[in-house]
Amino acid sequence: MRQHVNPLSRFFQLPLELPPPQELFSDPGQPVHLDIGCARGRFLLALAQQQPEFNHLGVEIRRALVAAAEADRQQLGLGNLHYLFCNANISVEGWLTALAPGQLDLVSIQFPDPWFKKRHHKRRVLQPALLLAIAAALEPGKRLFMQSDILDVIEPMVAVTEASGCFSRPATDARPWRADNPLPVPTERETYVLEQGLPVYRVLYERNETPLPSLQELEQQLEAADNPETSTHPSA
């Protein structure tokens with residue numbers, strides 16, 4: 001069962017200075033995979049062992065899950081993996097700017113907590129500012145992968161990503177949803193959903209060469225898409 005955390009509560013609005021790669025990984029110069037909302041971290045634990053040539057960072061807003069995941073990592077002595085407690089929308093942007101150009105290889109956001117009510121939209125994990133920070137850190141050709149078992153969760157993630165103009169989908173991928181997971185390890189949630197015979201909605205993006213819009217421009221595009229009547233029927 002999901003244990004929701006309100007990311008807008010005052011405690012989670014405090015920015016945390018995340019340690020740089022030099023303090024997290026035994027070989028800090030390796031390409032980085034950032035998994036946002038890593039939960040208990042078992043997916044990354046398996047992936048880091050399969051991909052020792054990459055550094056893997058999982059960030060999670062539930063501190064107890066991070067502590068448990070870090071204990072597992074330390075027991076295995078994995079120098080290419082780390083877990084950090086933070087609110088990604090508050091603390092990840094600064095960490096991304098500390099990476100060397102081209103070092104960020106992949107960002108994944110998998111099965112984030114659902115927030116269905118309109119007044120809770122600001123609690124969603126992929127806010128416009130975070131999307132722009134990811135786009136700024138990814139060089140052309142680097143990837144952003146998202147998946148969920150809930151359409152109402154992944155569709156807003158797709159909307160903000162495509163509104164930015166900074167990402168393109170591989171021409172060979174099926175539309176509207178990619179058929180398979182490009183990563184060699186499934187998450188626990190993914191395994192559970194597939195075992196129930198239920199669909200998983202996946203989208204893989206690649207950073208293109210389009211310059212970033214301003215945050216205000218992106219937010220205005222999303223507002224117009226959410227409220228088309230205001231853009232087609234301006235007040236006199």
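In terms of the ring pair (Phe, Tyr, Trp, His ring centres under 6.0 Å) criterion, residue partners of Y201 (sequence neighbours excluded) are, by chain and number, W177.
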**Request:** Decide side chain to side chain contact (heavy atoms under 4.5 Å, CB included) for V158 and Y205; before the verdict, give the C-alpha distance in whole Å, the side-chain angles of both, and the deciding distance to 0.1 Å.
**Result:** CA-CA 10 Å; V158 168; Y205 287 101; 3.3 Å; yes
**Message:** Please evaluate residues R178 and D180 with respect to the criterion salt bridge (charged side-chain N to carboxylate O under 4.0 Å, His left out), reporting the C-alpha separation (whole Å), side-chain torsions for both, the decisive distance (0.1 Å), and the verdict.
**Reply:** CA-CA 6 Å; R178 182 185 170 97; D180 60 353; 3.2 Å; yes
**Message:** side chain to side chain contact (heavy atoms under 4.5 Å, CB included), that's the test. Do L198 and L194 meet it? Break it down for me.
**Reply:** CA-CA 6 Å; L198 300 173; L194 294 176; over 6 Å; no
**Item:** Residues E162, F167; criterion side chain to side chain contact (heavy atoms under 4.5 Å, CB included); working and verdict
**Value:** CA-CA 7 Å; E162 297 195 348; F167 293 90; over 6 Å; no
**Request:** Walk me through it: do F145 and N181 pass the test side chain to side chain contact (heavy atoms under 4.5 Å, CB included)?
**Result:** CA-CA 9 Å; F145 174 60; N181 187 340; 3.5 Å; yes
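L218 and P213 get closest at one heavy-atom pair: CB-CG, 4.5 Å. In plain terms, the two heavy atoms of P182 and L204 that are nearest each other are CG-CD1, 4.4 Å. The heavy-atom pair separating C86 from V92 by the smallest distance is SG-CG2, 4.2 Å. What you find for P128 and L222 is that their closest heavy atoms are CG-CD1, 3.6 Å. Of all non-hydrogen atoms in L126 and V160, the two that sit nearest each other are CD2-CG1, 3.8 Å. Between D173 and R175, the closest heavy-atom pair is O-NH1, 2.6 Å.
One finds the CG atom of L106 at 6.0 Å from the CG atom of L183 (value rounded to the nearest 0.5 Å). Atom CG of L138 and atom CG of N208 lie 11.0 Å apart (nearest 0.5 Å). Here L130 contributes atom CG and N89 contributes atom CG; the two are 4.5 Å apart, rounded to the nearest 0.5 Å. Between the OG1 atom of T210 and the CG atom of L212 there is a distance of 9.5 Å, given to the nearest 0.5 Å.
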Pairs under 3.5 angstrom only: tabulate donor-acceptor contacts from the side chains of residues 33-48 to other protein residues two or more places apart or in another chain.
| from | atom 1 | to | atom 2 | distance (Å) |
| --- | --- | --- | --- | --- |
| H33 | ND1 | H56 | ND1 | 3.2 |
| H33 | NE2 | S108 | OG | 2.8 |
| D35 | OD1 | S108 | OG | 2.5 |
| D35 | OD1 | Q110 | NE2 | 3.3 |
| R40 | NH1 | D72 | OD2 | 2.7 |
| R40 | NH2 | D72 | OD2 | 3.0 |
| R42 | NH1 | E188 | OE1 | 3.3 |
| R42 | NH1 | E188 | OE2 | 3.3 |

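For the salt bridge (Lys or Arg N to Asp or Glu O under 4.0 Å) condition, the pairs that include at least one residue of residues 84-107, sequence neighbours left out, are D105-K142, D105-R143.
Side chains of P101 and E139 form a contact here, defined as non-hydrogen atoms less than 4.5 Å apart. For the pair S148 and M157, the minimum side-chain heavy-atom distance is 4.5 Å or more. With contacts defined as side-chain heavy-atom distances shorter than 4.5 Å, the pair W95/L57 qualifies.
A donor-acceptor distance shorter than 3.5 angstrom exists from the side chain of R207 to the backbone of C166, with no hydrogens or angles considered. A donor-acceptor contact shorter than 3.5 Å is absent between the side chain of D149 and the backbone of Y192. Not one N or O on the side chain of R63 forms a donor-acceptor pair closer than 3.5 Å with the backbone of I61. For the pair E70 (side chain) and Y83 (backbone), a donor-acceptor distance under 3.5 Å is present. In this structure, the side chain of R73 does not engage the main chain of N80 through any donor-acceptor pair within 3.5 Å. Under the 3.5 Å distance criterion, the side-chain polar atoms of Q103 are matched with a main-chain donor or acceptor of P28. Within the 3.5 Å criterion, the main-chain N or O of A88 finds no donor-acceptor partner in the side chain of S91. Using a distance-only test at 3.5 Å, with no hydrogens or angles considered, no donor-acceptor pair links the side chain of Q127 to the main chain of A129.
Within a 6.0 Å radius of CD in Q196, more than 12 heavy atoms belonging to other residues, nucleotides or ligands are found. Other residues, nucleotides and ligands contribute over 12 non-hydrogen atoms within 6.0 Å of the CD atom of E53.
Under the 3.5 Å distance criterion, with hydrogens and angles disregarded, a donor-acceptor pair is assigned to the side chains of N55 and Q30. Side-chain N/O atoms of E190 and Q147 include a donor and acceptor closer than 3.5 Å. At a cut-off of 3.5 Å, with distance as the only test, no side-chain donor of E217 or Q221 sits close to an acceptor on the other residue.
Linking Ile, Leu, Val, Met, Phe, Trp and Tyr whenever their side-chain heavy atoms come within less than 4.5 Å puts L215 and L144 in one cluster. Under a hydrophobic clustering in which Ile, Leu, Val, Met, Phe, Trp and Tyr are joined whenever their side-chain heavy atoms come within less than 4.5 Å, directly or via other members, L78 and L24 fall into the same cluster. By the criterion of side-chain heavy atoms lying less than 4.5 angstrom apart, applied directly or through intervening Ile, Leu, Val, Met, Phe, Trp or Tyr residues, I109 is not grouped with F54; the two fall into different hydrophobic clusters.
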